[in-house]
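Side-chain atoms are counted along with the backbone in the values below, which use heavy atoms only and exclude waters and symmetry mates. Chain letters run A, B, ... following the sequence lines, proteins first, then strands; residues in each count from 1.
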Amino acid sequence: MNDMRIADRAVDTHGIRIKASAVQVYYGESHAIKDVSVDILDKAVTAFIGPSGCGKSTFLRTLNRMNDTIPICKVQGSILLDGENIYDKRVDPVQLRAKVGMVFQKPNPFPKSIYDNVAYGPRIHGLTRSKAELDGIVESSLRKAALWNEVKDRLHAPGTGLSGGQQQRLCIARAVATSPEVLLMDEPCSALDPIATAQVEELIDELRSNFSVVIVTHSMQQAARVSQKTAFFHLGNLVEYGETSQIFTNPKDPRTESYITGRIG
Amino acid sequence: MSDISANGPASAGKPRVSILGQSARMKSRNRVEGIFKTLGLTAILFSLAILALMIFTIFRDGSSAFFQTRAAFPITLSAEIIDPAGNRNRDDLTKQTTMTYNKVLNEAFLAALAAQGIKTDDVPEKEITAMISKGAAGEIRADVLADPSLVGQTIEANIVLGGRIDGYMKGRVTRESAERDSNVTMGQLDIADRMKEAGMLATVWNWDFITNTDSSDTRPETAGLGVAILGSAYMMFLVLIMCVPVGVAASIYLEEFAPKNKWTDLIEVNIANLAAVPSIVYGILGLAIFINILGGQMGVEALKMSASLVGALVLSLQTLPTIIIATRSAIRAVPPSIRDAALGIGASKMQTVFHHVLPLAMPGILTGTILGLASALGETAPLLLIGMVAFVANYPAAPWDGGFSDPATALPVQVYSWASRSDPAFIERSNGAIIVLLVFLLIMNVTAIILRRRFERRW
Amino acid sequence: MTVLPLLMILAVLAAAGFILGRQRALALAGGDTKKLHSLPAYYGWHAAIMAFVPAFCALIVWLLIQPFFIERAALSQLPAAVLEDSTASTLAMADVRRVAAGLDTAVAQGAMTEAAIETMDATVTDLRGELGKVGVALGSAVSSEVLAAAKQYRESVASASVVRAVVIILIAVAALARALKLTAPDFWARNRVEKVVLWLLMLASLIAILTTVGIIWSLLSESFNFFSQYPIGDFFFGLTWNPKFGGGSDLGFIPLFWGTIYITIIALLVAVPLGLFAAIYLAEYASKRTRAWVKPMIEVIAGIPTVVYGLFALITVGPFLRDFFAAPMGLGNSAASVMTAGIVIGLLNIPFISSLSDDIINAVPQSLRDGAFGLGSTKSETIRQVVLPAALPGVAGAILMGASRAIGETMIVVMGAGAAAKLSLNPFEAMTTMTVKIVGQLTGDTDFNSPETLVAFALGMTLFVITLLLNVMAVWIVRKYREQYE
């Protein structure tokens, strides 16, 4: 743990984007998330860390209601996005997910061309009026995902033909193209090699200037490198939440300390 | 990576849209969603509705085949007429044909009508006696031959009436439709109505439909499924004893012993393709190989046109791929750890397979076998080509008397041959035969489901 | 001795072999099974197999060869003129066999004695009449040559069966003796038995190959026969189908092919949308409980015999289409039509298409669905724009298989499509298909060797090739599709 580089960038608090209070998640009988309250800041990277099965991914998926696709999953408590409860009856989860985008563990480009992958979101949400506008979104999204230079000559090649790291950046571009307010990333680097991981991490840091990013990660080094805020989950509880530098250098809870020093996990 | 600030939709520049409530676009997208989901549901409901309609029409048109309109009246079996020799000897009795009995029957019928005081108006006698089924005299004759002591007695007989009168009683024939029908007259229907009022007519349960042989075009009322049921039973038995051992043996070999090489690949591809060969092609195979070559040129007596043995051979070949595919997947579902355990304590490969793998795969094999047999039971097309559609007047003999090579027919083939006759009364029989067929299929499928539920094992 | 008793004797010998082999092994080991290499039962099985298998194989070979020798003996009684012509001699031999069989029946029923047959003279006895009395119908009166040949035939058969029985039983006994001699405590009985069992298993798996060979051979040989009587070009490119009893028929394939294809297209137009939507609903929308109920119910559709659908087409769908569509629109008044058969085949194919599509849709990885949902697509958008395009090759394979089944379907078209071969575009007209004509030509009364009958084999071969190609293509596409997600 001694070579850990703490992100010492100033935390730019633009206010709270998501305010989760007293969230409970049940999978059938089992209580997966126990009374979690957390504030996700705008224009910052928040990392969720914790041992496997601690509920960090489950909690992430409640933030854009991806859990709705699992019939036995039940969510209680309130999650406010810009002051509006996303579990309100009037909220269409489909519409919500356009604002809270998601990138998954395994790169999952659609079996379509690179262009169509990125244009997918804008098309279904009707974000553009002309082909030129759509071209613009595709290009800017690919630029934001730092993929433009690599693929600009083969936009109509299948997305599945890219390398793993490129595929994941394509998925990020795809998520960015709908101009979400929050970007959720579920262990986005776990299927990638170290070089691709470094590229994606760099990208996450840059995405911070436009979006609020929440990242679930297995790797404490990664959390330390890319995030400003860190939340430590353990057995469905949010154990500790604070500035990344503070969590890693001066954890308040003994469980956090044991985890980051490698005793549990 | 310096191109982050390039143009494009920056979230900051746009006015914020509330997530509460749906945008107009979202509403129309959700409408499409609703339509799409409804289409899916409609497809399912439509398919099931058609299925229900089909089963409904079968039962509506077919259930009456299990009932038959009969007239009850006394018949005096006068000894002078049917036993002129007067010795009650069976051999002498056989000399009297159905013609003799017809006369007795007709006279008894006319007398009974008169006795009941049923007005016959001016309906000619010929028309009145034509109300009785042409098969009725044969039934009486058979009764007498079975029990010669009946001669000279007066019996209370339940006589089968003709198909039109039967149809009129069941509501299939109406006065309207009868007007266009040269086989029935209004006078006959009037008499039938009066007989019913007098309690002479009754529509009763009809075992003959299950047990009788097929009958000629002119008397649908006596046609039965006996030969077809027996033929189907013979074929199912033969398919079971020929196809299942071979299928299971082949599956064991392919799954457990076969080396993985081009030769076994060929067998596998071959089996997959055989499963998709149209059934009629198996009929051509049966005709060309079993009947023409083996039965004809090589002179194998047992392989004849219409024989249930030939039918069973054809159905076996056709069912074999199904059974092999089911058995192989059942064998494959037995975990390798079982095999390792047996081999590990010194059992030979063969012992492992026969002592452990096969018993554990048995429920799956049985299920596959029953389903394979069920599809063989419903198979029609190949049997047409090997002559099983021919009219068969006699029951096949018992299996030990060479009955497997006697001409027979099969349930689904009987459905087809009755459906292709012109008299609409045969359509009732055809639907009735389907009900019998469906009952057998239901029993087989339910057995398979119970077996699967009961022995289903999760490893 | 006929074959059945002989087989029974072999079975008895095998059973005896089992007991003897087992006992001998035990006796040699002094009752101590531990001294034996294999379990005692294996020695029994070894002896039983030795007693049965070689003799049985010899019997099979004998039965295959015997007819040639016996026929040669019988044929020698026939006039040389008959022997020169191969067709005539085949026909004559069939007569001989029938007369011989008739004599056997007569003897069995006690209507004749062997002695009477011995002295019988065809010019004196009315053999045809005599045999007719015992229920054996002959086509024509029996000539003296045929009677002589039949007598010779019966004699050869009788003597052959005696010799056969003796030889076979000798082989069985000799092999059994050898097995017992081999039996010794250190004899590897189990391995020998297992080897034989392995051979049996392998033979069973060869039946599948033999079936294919049989199918191809029977189709090819009679098709060649047909094409030697009818020009191949006229068959494949002929535009008229008009078989006549007296010969001079037009046997053009095109009208049948058109009827088949037209019906298949309609069947697919019914089955594909319904099957695909049903599969989509079941895979993506239905709750687990609904799925558990509805799926088996849809599969019931496939479990009902096709003849039932045929009757449904004949008495319900056909008249309905005629009365409510064809007649009001002035498109004809035939209940049997392309539309009737096509729709009913389509209904039958719904479960087939839907269960294949269901498998294929389920093979699309969940991560793709998640990706689409994560971007904010609705379920139907996910299905239409992500799942279906990804599953398209697989669905195409399923459709090809459905087409192959529709082309090969017989009973529904026999009962619902009609028998008139026509090249017409009107879907409410009765047309006919390859399968209908196969049934029609092979169940008719025409002479087997006439082109009118043999054409069925050419049709069968074409049908076999078409369906095989469609299936091979479908399997190839589906396999490629599955590899993509492995």
Side-chain angles (χ1 to χ4, degrees), chain B residues 29-30 32-33 36-37 39-41 43-44 46-48 50-51 54 57-58 246 249-250 252-254 257 267 270-274 276-281 284-285 287-289 298-299 317 320-321 324 348 350 374 378-381 384-385 389 412 415-416 419 427 430-431 434 437 441 445, chain C residues 67 97 190 194 197-198 200-202 204-205 207-209 211-212 214-215 218-219 222 273-274 277-278 280-281 285 294 297-298 300-301 303 305-308 310-312 314-316 347 350 378-380 401 404 408 410-411 415 435 438-439 442-443 456-457 460 463-464 467-468 471-472 475:
Chain B
R29 282 173 67 194
N30 278 337
V32 173
E33 174 76 12
F36 197 73
K37 192 174 169 181
L39 278 177
L41 195 59
I44 289 177
F46 179 77
S47 313
L48 293 181
I50 296 282
L51 177 68
M54 191 168 85
T57 54
I58 289 165
V246 172
I252 293 175
Y253 179 73
L254 291 174
F257 295 101
I267 298 184
N270 189 29
I271 289 171
N273 281 326
L274 278 181
V277 169
S279 60
I280 186 105
V281 172
I284 296 181
L285 167 85
L287 180 65
I289 304 254
M298 313 244 329
L317 292 184
L320 194 61
I324 291 182
S348 71
M350 197 66 79
E379 195 54 76
T380 322
L384 300 184
L385 298 195
V389 73
V415 171
Y416 167 70
I427 294 291
S430 191
N431 278 302
I434 290 179
L437 181 60
L441 288 176
N445 279 286
Chain C
R97 238 183 271 125
R190 197 196 72 231
E194 289 186 351
V197 174
L198 189 58
L200 287 177
L201 296 182
M202 204 169 71
S205 74
I207 302 243
I209 297 273
T211 308
T212 310
I215 288 175
S218 60
L219 291 175
E222 301 293 355
L274 286 171
F277 268 107
I280 288 171
Y281 187 85
Y285 288 105
V294 171
M297 277 168 73
I298 289 190
V300 167
I301 298 177
T306 54
V307 68
V308 179
L311 192 65
F312 185 57
L314 182 72
I315 63 176
T316 309
L347 295 173
I350 289 173
T378 62
K379 267 195 166 175
S380 67
M401 286 187 202
S404 149
T410 307
M411 292 321 293
M415 296 167 88
T435 48
I438 293 175
V439 171
L442 284 179
T443 52
F457 290 90
L463 177 70
F464 178 72
T467 52
L468 187 70
N471 272 301
V472 168
V475 168

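Considering only heavy atoms from C-beta on, B:Phe46 comes within 4.5 Å of C:Leu347 through its side chain. When side chains are defined from C-beta on, C:Leu219 counts as touching B:Val281, because their heavy atoms get closer than 4.5 Å.
Here the CD atom belonging to B:Glu33 is positioned 4.5 Å from the OG1 atom belonging to C:Thr378, to the nearest 0.5 angstrom. Taking OH of B:Tyr253 as the start and CG of C:Leu198 as the end, the distance is 6.0 Å to the nearest 0.5 Å. Residue B:Ile50 holds its CD1 atom at 10.0 Å from OG1 of C:Thr316, rounded to the nearest 0.5 Å. Here B:Leu274 contributes atom CG and C:Asn471 contributes atom CG; the two are 11.0 Å apart, rounded to the nearest 0.5 Å.
The residue from C:Leu274, C:Ile298, C:Ile350 that alone fulfils the side-chain contact (heavy atoms from CB on, under 4.5 Å) condition with B:Ile44 is C:Ile298.
Contact count against chain C (heavy-atom pairs under 4.5 Å) is highest for B:Ser348 among B:Ala288, B:Pro412, B:Ser348, B:Ser279. Per-residue heavy-atom pair counts under 4.5 Å with chain B were compared for C:Ala208, C:Gly310, C:Gly214, C:Ser404, and the maximum is reached by C:Ala208. No other option in C:Leu314, C:Ile215, C:Leu463 has as many heavy-atom pairs under 4.5 Å with chain B as C:Ile215. Top candidate by heavy-atom pairs under 4.5 Å with chain C, chosen from B:Ile280, B:Asn270, B:Leu441, is B:Asn270. Options C:Ser380, C:Pro305, C:Ala278 differ in how many heavy-atom pairs under 4.5 Å they form with chain B, and the most are formed by C:Ser380. When each of C:Val307, C:Ile207, C:Thr211, C:Leu200 is checked for heavy-atom pairs under 4.5 Å with chain B, C:Val307 comes out on top. Considering only heavy-atom pairs separated by less than 4.5 Å from chain C, the leading option among B:Ile58, B:Asn30, B:Leu285 is B:Leu285. Across B:Leu48, B:Asn445, B:Val415, the residue that shares the most heavy-atom pairs under 4.5 angstrom with chain C is B:Leu48. Heavy-atom pairs under 4.5 Å with chain C peak, among B:Ile271, B:Leu254, B:Leu287, B:Val389, at B:Leu287.
Using a 4.5 Å cut-off between heavy atoms, C:Thr443 touches chain B through its side chain atoms alone. For a residue to count as touching a neighbouring chain, one of its non-hydrogen atoms must lie under 4.5 Å from one of that chain's; by this rule B:Leu51 touches chain C with the side chain only. With a threshold of 4.5 angstrom between heavy atoms, C:Val294 approaches chain B through side-chain atoms but not through N, CA, C or O. Heavy atoms closer than 4.5 Å to chain B are found in the side chain of C:Met415, but not in its backbone. For B:Phe257, the part lying near chain C is the side chain, with the backbone staying farther off; criterion is any non-hydrogen pair under 4.5 Å. Interface remark: B:Thr57 contributes side-chain atoms only to the contact with chain C (heavy atom separation under 4.5 Å). With a 4.5 angstrom heavy-atom cutoff, B:Leu41 touches chain C via backbone and side-chain atoms both. Both the backbone and the side chain of C:Ile301 come within contact range of chain B, each with at least one heavy atom under 4.5 Å from a heavy atom of that chain. Both the backbone and the side chain of B:Asn431 come within less than 4.5 Å of a heavy atom of chain C. Looking at B:Val277, the atoms closer than 4.5 Å to chain C (heavy atoms on both sides) all sit in the side chain, from C-beta outward. For chain C, the nearby parts of B:Leu39 are the backbone and the side chain; heavy atoms of each come within less than 4.5 Å. The part of C:Ile280 that comes within reach of chain B is its side chain, from C-beta onward, which places non-hydrogen atoms under 4.5 angstrom from that chain. Looking at B:Ala374, neither its backbone nor its side chain comes within 4.5 Å of chain C, counting heavy atoms on both sides. Residue contact with chain B, scored on non-hydrogen atoms closer than 4.5 Å, involves the side chain of C:Ile315 exclusively.
In terms of heavy atoms, B:Ala43 sits closest to C:Phe277 at CB-CB, 3.7 Å. For B:Ala250 against C:Ser205, the heavy-atom pair with the smallest separation is CB-CA, 3.5 Å. Considering every non-hydrogen atom in both C:Tyr281 and B:Lys37, the closest pair reads CD1-O, 3.7 Å.
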